[in-house]
Peer 1: 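Sharing a structure with you now.
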Amino acid sequence: MRPVSMVGRAGELAEFALAWETVTAGSSRAGSVVVTGAAGVGKSLLVTAALDALSPRPALVLSGAARLHSPAPYDWLAAALSGRDTRDLPLPPDALAWLGQHPNAPRERYAPDALLRLAARTVRALVGAGPAVLLVEDLHALDPASLNLVGELAAAPGLPALLVVASRPADEAVSPRLVAATLARLTGSPGAVRQHLGPLGRAGVAAVLAQVYPGPAVPSYVVEAVWRRTGGNPYRLVELLATEGGRGPAELVREPVVEVPRLPVQPTPASGVELTGREIEVLSCLAAGMSNKQVARSLGISVRTVTVHVSNLLRKTGSASRTEAALWAVRQRLAEPAPRP
């Protein structure tokens with residue numbers, strides 16, 4: 001399949017460029033761009049394209065994300081510090097060891113407020129004269145200490161950096177109230193840019209299909225069918241093109257036949273991992289590519305309960321992502337793709 005460039009996000013890219021221009025012009029505080037949207041809607045693709053287009057180039061990109069298993073305080077900063085030489089930073093070595101989650105960090109901990117100040121000082125020391133980009137991925141999955149730090153950085157005076165945050169909606173977060181409060185804090189700061197990405201419309205889907213199938217225009221009925229099958233979700237669209245579009249656009253019109261999985265009452269995987277019946281049902285939904293909200297609707301449970309099940313599944317199967325968990329299930333023959341709600 002041909003590489004597909006991003007479509008339908010020109011306005012968002014222009015806002016990124018303007019926010020960066022404000023930072024490089026010497027703004028009195030850090031700039032912020034907050035990108036929210038459902039899974040697969042293209043947040044990471046947008047952020048990557050925006051960062052690639054920044055001019056002048058950032059002197060530093062400090063990037064971190066949530067840790068999927070056993071989250072701990074300051075996971076974002078620990079991920080950002082990973083692999084960096086921090087010996088010359090003007091901060092106490094024991095504090096840096098603790099913030100970096102080093103295995104040999106001292107047991108004595110700082111008071112929460114003091115540690116927050118040290119974390120902010122660490123970021124400021126790394127940024128230096130800038131200009132820098134502070135990239136926070138998957139804000140919805142971050143620990144409370146990291147959320148607090150991100151909020152502090154957005155309001156930090158004289159910090160020559162653009163804070164870029166990507167997150168699913170707060171109601172899909174591990175801690176919905178904390179994430180909602182953090183998003184409100186971020187978007188309430190002066191000059192902050194809030195972008196909520198929705199699915200592609202028919203015109204956007206048509207533009208993607210035109211890239212994949214150059215030449216004669218793709219028929220409107222094919223565009224309509226693909227838009228309905230994918231809901232305009234860019235991830236599902238690319239997945240559909242990769243798996244079913246190799247023989248031409250007409251193949252995309254055909255709906256696959258999906259059987260409802262027959263689940264064992266007491267599954268016993270060959271790997272020895274013990275899963276409950278409900279966890280097997282959640283795995284089936286993950287294999288179908290459902291979001292937490294879709295899983296909740298399909299199984300008649302709350303989004304919060306789904307989040308707990310997914311976390312348990314990642315821990316039990318040793319998977320680093322939902323996709324890995326779904327592949328693990330297929331290898332163990334425990335789950336078949338469930339029909340989408």
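As a basis for the values below, the full set of heavy atoms in this structure was taken, side chains included, without hydrogen atoms, waters or symmetry mates. Everything numeric here is computed off the predicted structure, so don't read it as measured data.
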Peer 1: Just so I know, are the side chains of Val179 and Ser167 near enough to count as touching, which here means a heavy-atom distance under 4.5 Å?
Peer 2: yes
Peer 1: Check whether Lys43 reaches the backbone of Ala38 with its side chain - one donor and one acceptor, N or O, closer than 3.5 Å.
Peer 2: yes
Peer 1: Grouping I, L, V, M, F, W and Y whenever their side-chain heavy atoms are under 4.5 Å apart, do Val47 and Leu18 come out in a common cluster?
Peer 2: no
Peer 1: Would you say that Cys285 contacts Gln294 through its side chain, given a criterion of any heavy-atom pair below 4.5 Å between the two side chains?
Peer 2: no
Peer 1: Using side-chain heavy atoms (C-beta onward) and a distance below 4.5 Å, is Leu81 in contact with Tyr74?
Peer 2: no
Peer 1: Look at the side chain of Arg121 and the backbone N and O of Pro90, then say whether any donor-acceptor pair between them is shorter than 3.5 Å.
Peer 2: yes
Peer 1: Show your working on side-chain contact (heavy atoms from CB on, under 4.5 Å) between Leu51 and Leu135 and close with a plain yes or no.
Peer 2: CA-CA 10 Å; Leu51 296 189; Leu135 176 57; 4.2 Å; yes
Peer 1: How long is the gap from OG on Ser321 to CG on Leu286, to the nearest 0.5 Å?
Peer 2: 10.0 Å
Peer 1: Atom OG in Ser220, atom CH2 in Trp227: separation rounded to 0.5 Å?
Peer 2: 13.5 Å
Peer 1: Would you say the side chain of Leu134 lies within less than 4.5 Å of the side chain of Val164, judging by non-hydrogen atoms?
Peer 2: no
Peer 1: Could you give the distance from CG (Asp171) to CG (Asn292), rounded to the nearest 0.5 Å?
Peer 2: 9.5 Å
Peer 1: Please name the pair of heavy atoms, one in Ala59 and one in Gly130, separated by the smallest distance, quoted to 0.1 Å.
Peer 2: CB-O, 3.8 Å
Peer 1: Decide whether Leu237 and Tyr221 are clustered together by the hydrophobic rule: side chain heavy atoms of Ile, Leu, Val, Met, Phe, Trp, Tyr closer than 4.5 Å, transitively.
Peer 2: yes
Peer 1: If you apply the rule salt bridge (Lys or Arg N to Asp or Glu O under 4.0 Å), what do you find for Glu15 with Arg9, and how did you get there?
Peer 2: CA-CA 10 Å; Glu15 288 183 327; Arg9 310 297 190 198; over 6 Å; no
Peer 1: I would like to know whether Trp76 and Leu147 meet side-chain contact (heavy atoms from CB on, under 4.5 Å); could you show each step before the answer?
Peer 2: CA-CA 9 Å; Trp76 178 80; Leu147 294 176; over 6 Å; no
Peer 1: Taking all non-hydrogen atoms of both residues, which atom of Gln211 and which atom of Pro214 are closest, and how far apart?
Peer 2: O-CD, 3.8 Å
Peer 1: Are Asn233 and Thr230 close enough that a side-chain donor and a side-chain acceptor fall under 3.5 Å?
Peer 2: no
Peer 1: Could you tell me which non-hydrogen atom of Ala173 sits nearest to which non-hydrogen atom of Thr307, and how far apart they are?
Peer 2: O-OG1, 4.4 Å
Peer 1: Minimum heavy-atom separation for Asp143 to Asp75, with atom names?
Peer 2: OD1-N, 3.1 Å
Peer 1: What's the verdict on side-chain contact (heavy atoms from CB on, under 4.5 Å) for Leu241 and Tyr213, showing C-alpha distance, side-chain angles and the deciding distance?
Peer 2: CA-CA 10 Å; Leu241 290 168; Tyr213 305 109; 4.0 Å; yes
Peer 1: Leu162 and Ser32: which non-hydrogen atoms are nearest, and at how many Å?
Peer 2: CD1-N, 3.9 Å
Peer 1: Rounded to the nearest 0.5 Å, how far does CG of Leu283 lie from NZ of Lys316?
Peer 2: 10.0 Å
Peer 1: What's the spacing between Glu281 CD and Leu299 CG if we round to 0.5 Å?
Peer 2: 5.5 Å
Peer 1: Can you confirm whether Leu45 sits close enough to Pro234 that some side-chain heavy atom of one is under 4.5 Å from a side-chain heavy atom of the other?
Peer 2: no
Peer 1: Is Gln101 reaching over with its side chain to a backbone N or O of Pro73, donor-acceptor style, under 3.5 angstrom?
Peer 2: yes
Peer 1: Please check if Leu13 and Val23 belong to a single hydrophobic cluster, counting links between Ile, Leu, Val, Met, Phe, Trp and Tyr side chain heavy atoms closer than 4.5 Å.
Peer 2: yes
Peer 1: Whether the side chain of Ser284 engages the backbone of Ile280 through a donor-acceptor N/O pair (distance < 3.5 Å, no angle test) should be reported.
Peer 2: yes
Peer 1: Tell me whether Glu152 is salt-bridged to Arg124, with the criterion being a basic N under 4.0 Å from an acidic carboxylate O.
Peer 2: no
Peer 1: Got a donor-acceptor contact below 3.5 angstrom from the Asp138 side chain to the His140 backbone?
Peer 2: no
Peer 1: Would you say CZ of Arg177 has more than 12 non-hydrogen atoms from neighbouring residues, nucleotides or ligands within 6.0 angstrom?
Peer 2: no
Peer 1: Heavy-atom distance under 4.5 Å between the side chains of Leu186 and Leu163, does that happen here?
Peer 2: yes
Peer 1: Is any side-chain heavy atom of Pro131 less than 4.5 Å from a side-chain heavy atom of Pro58?
Peer 2: no
Peer 1: Kindly say whether Leu89 contributes a backbone atom to a donor-acceptor pair with the side chain of Thr86 at under 3.5 angstrom?
Peer 2: no
Peer 1: Looking at Thr317 and Ala325, would you say the former's side chain and the latter's main chain have a donor-acceptor pair under 3.5 Å?
Peer 2: no
Peer 1: To the nearest 0.5 angstrom, please state how far the CG atom of Leu314 sits from the NE2 atom of His309.
Peer 2: 13.0 Å
Peer 1: Determine whether a donor-acceptor pair (N or O, by modelled atom type, separation under 3.5 Å) exists between the side chain of Trp20 and the backbone of Ala50.
Peer 2: no
Peer 1: Considering non-hydrogen atoms only, spot the tightest contact between Gly64 and Ala79 and give its length.
Peer 2: CA-CB, 3.9 Å
Peer 1: Is the backbone N or O of Gly232 less than 3.5 Å from a side-chain atom of Arg202, with the two atoms forming a donor-acceptor pair by type?
Peer 2: no
Peer 1: What do the steps show when you test Thr36 against Leu183 for side-chain contact (heavy atoms from CB on, under 4.5 Å), and what is the final call?
Peer 2: CA-CA 9 Å; Thr36 57; Leu183 289 173; 4.3 Å; yes
Peer 1: Sort out for me which residue in Leu96, Leu149, Leu118 forms a side-chain contact (heavy atoms from CB on, under 4.5 Å) with Leu77.
Peer 2: Leu149
Peer 1: Is there side-chain contact between Asn312 and Glu279, with heavy atoms separated by less than 4.5 Å?
Peer 2: yes
